[in-house]
Protein chains: 2
Amino acid sequence: MADTGGRTRRRGKDLLDAIYAAAVEEAAAGGPGRLTMDAIAKRAATARTTLYRRWSDPLDLLLDALAELHPVEQPAPGADDLRGDLIASLRLMVDWGFSPAGRAVLAILADPARDPAVVDALFERVFARRGGTFTQTVLRHYAHEGRIDPARLTPVVLDIGEALVAKRIMDTGEAPDDDYLAAVVDQAVLPAVGLPAEPPRHPRTPRRGGRTVTRGGEPA
Amino acid sequence: MADTGGRTRRRGKDLLDAIYAAAVEEAAAGGPGRLTMDAIAKRAATARTTLYRRWSDPLDLLLDALAELHPVEQPAPGADDLRGDLIASLRLMVDWGFSPAGRAVLAILADPARDPAVVDALFERVFARRGGTFTQTVLRHYAHEGRIDPARLTPVVLDIGEALVAKRIMDTGEAPDDDYLAAVVDQAVLPAVGLPAEPPRHPRTPRRGGRTVTRGGEPA
DNA sequence: ATTTTTAGGTACAGTCATGTATCTTATTGC
DNA sequence: GCAATAAGATACATGACTGTACCTAAAAAT
């Protein structure tokens, strides 16, 4: 009953957008393992036939869908607040990770049956030509301004913030709060780039929330 | 045709072991989303009926299977080599993560459709009463000996090594080599506990191998 | 206005997994 | 040896998804 402008049959971009949205939502909900043409068609309120005219299987469709999605917001490093900018960039990452697109991408990457070709396609088509990861953009900015030793910005160091946040999400299944992001920046990222962690506002460590598990670990 | 000692029908522990192994292998191969009673029964070469006598669904079975598995090997911190012990503990983690049990557990944790109750059960039954995570065991040991400031060992810091290794595995889908583990220890873990990173043997950063993606990121 | 394109819808045969029921028989406990 | 237990095997109705065929009618192109 939505206003379709008198039209009763979607076509072209309208239809594609509906299909893409349906595919991403399905993938985010059940992962690639449970993604079916049938479910996508139902969610998009179209006929399965329409899908088969363009794609041969659900994953193929999903990759097109992800490639069409709006890109992730980029961190915009501010004037003179390395710590604050790092926290903000991690917040962007968390927000993205909990969007349907983010969930779908994570599900593909974590799929034990993942096809390397699919992962490659994901990188080439979805992540093509972006500036860098979240904290990476910020760290490079401040290195360029001479406030960080560029030699410190190794691949490992550029990944520290993202890795800890990702693990936290895996462990708890929930979005970390700002206190946790601040702890990551203060206790892991800043020491790694050779800056003294700023004096902690509260001497307490971040609340533990759930449990802490390792990718191959157990409660701390 | 295996030597069954003249017996033709498995029963009790023999049968259970075969079923558990089959369940874990299936879960490791396809993730919880593709885990079915049918596939487990086929792989264990038993009748589906036999499974239904004990379990009501595949996940229930899988949790029992994981609980029965041999525990992960524990890091054994040596005399006086913090750096080496940290690297060794991360190596243990990698080995575990690529075992069928490790893959199955990761697949459960990463499943977008994961049931919190299942995750809780996993922690209670599989990870119950273990000393701690991999680098955690080592770090606590050296803190106890007074070589690390215990106040530094926050939950975030105890997770750094595991988080980076986990992310690396997610990104590349392969087991990191020792150079990478050493880089993690030198560039992230040791700085976070307030120790100067040891002089790097080679001034080069670890080889990049594949790409580096963030949990919500793109190539670096 | 007429033709072309393509979305919407129905139908169908095939495959796979689910639960349940039923029967036979190997193994175990007494 | 005999009875109880439980594994192995087969069958069946049900439901989900697949891939294809086929038809219709709406929207766009001419």
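Quick caveat: nothing in here was measured; it's all calculated off a predicted structure.
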**Q** Could you tell me the separation between the CG atom of A/D14 and the P atom of D/dA27, rounded to a whole number of Å?
**A**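 Rounding to the nearest Å, CG of A/D14 and P of D/dA27 are 12 Å apart.
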**Q** Could you state the CG-P distance from B/D60 to C/dT18, rounded to the nearest angstrom?
**A**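 Result: 14 Å.
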**Q** A/A44: what forms a side-chain contact (heavy atoms from CB on, under 4.5 Å) with it, not counting sequence neighbours?
**A** A/I19, A/A22, A/T46
**Q** Take nucleotides 17-25 of chain D nucleotide by nucleotide from the 5' end and write B, S or -, depending on whether a protein heavy atom sits under 4.0 Å from the base, only from the sugar-phosphate, or from neither.
**A** SBBBBB--B
**Q** Would you mind listing every salt bridge (Lys or Arg N to Asp or Glu O under 4.0 Å) that reaches into residues 90-103 of chain B, with sequence neighbours excluded?
**A**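 Of all non-adjacent pairs touching residues 90-103 of chain B, those that pass salt bridge (Lys or Arg N to Asp or Glu O under 4.0 Å) are B/R91-B/D178.
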**Q** Hey, can you pull the donor-acceptor pairs under 3.5 Å for the side chains in residues 53-63 of chain A, sequence neighbours left out?
**A**
residue : atom : partner : partner atom : Å
A/W55   : NE1  : A/D64   : OD2          : 2.8
A/D57   : OD2  : A/L59   : N            : 3.2
A/D57   : OD2  : A/D60   : N            : 3.4

**Q** Calculate the interatomic distance between B/R54 atom CZ and D/dA6 atom C1'; express it in whole Å.
**A**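 Atom-to-atom, B/R54 to D/dA6, this comes out as 8 Å.
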**Q** With a cut-off of less than 4.0 Å, is there a side-chain N or O of B/R10 near OP1 or OP2 of D/dG8?
**A**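 Indeed, a polar side-chain atom of B/R10 lies that close.
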**Q** Is any side-chain nitrogen or oxygen of B/T46 closer than 4.0 Å to OP1 or OP2 of D/dG8?
**A** yes
**Q** With sequence neighbours left out, what residues match B/D17 under salt bridge (Lys or Arg N to Asp or Glu O under 4.0 Å)?
**A**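 Testing B/D17 for salt bridge (Lys or Arg N to Asp or Glu O under 4.0 Å), a comparison that skips the adjacent residues, returns B/K13.
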**Q** Are any side-chain N or O atoms of B/Q187 and backbone N or O atoms of A/A192, one a donor and one an acceptor, separated by less than 3.5 Å?
**A** no
**Q** Mind calculating the distance between NZ (A/K13) and C1' (C/dA7) to the nearest angstrom?
**A** 18 Å
**Q** Please give, in whole Å, the distance from C/dA17 C1' to B/E26 CD?
**A** 13 Å
**Q** The criterion is salt bridge (Lys or Arg N to Asp or Glu O under 4.0 Å); which residues satisfy it with B/D85, sequence neighbours excluded?
**A** none
**Q** I need the CG-C1' distance between B/L16 and D/dA6, as an integer number of Å.
**A**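 Computing the B/L16:CG to D/dA6:C1' distance gives 12 Å.
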**Q** Under 4.5 Å between any side-chain heavy atoms of B/L181 and B/L86, yes or no?
**A** no
**Q** N/O contacts under 3.5 Å, protein versus nucleotides 1-3 of chain D?
**A**
none

**Q** Does any N or O donor sit under 3.5 Å from an N or O acceptor when you compare the side chain of A/R11 with the base of C/dT5?
**A** yes
**Q** Scan for side-chain hydrogen bond (donor to acceptor under 3.5 Å, both in side chains) pairs involving residues 19-44 of chain A, sequence neighbours excluded, and state none if there are none.
**A**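 Every side-chain hydrogen bond (donor to acceptor under 3.5 Å, both in side chains) pair that includes a residue of residues 19-44 of chain A, provided the two are not neighbours, is A/E25-A/R43, A/E26-A/R43, A/R34-B/D111, A/D38-A/K42, A/D38-A/R48.
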**Q** Residues two or more places apart in sequence or in another chain: which of them pass side-chain contact (heavy atoms from CB on, under 4.5 Å) with A/A76?
**A**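 Once residues adjacent in sequence are excluded, A/A76 has no partner under the side-chain contact (heavy atoms from CB on, under 4.5 Å) criterion.
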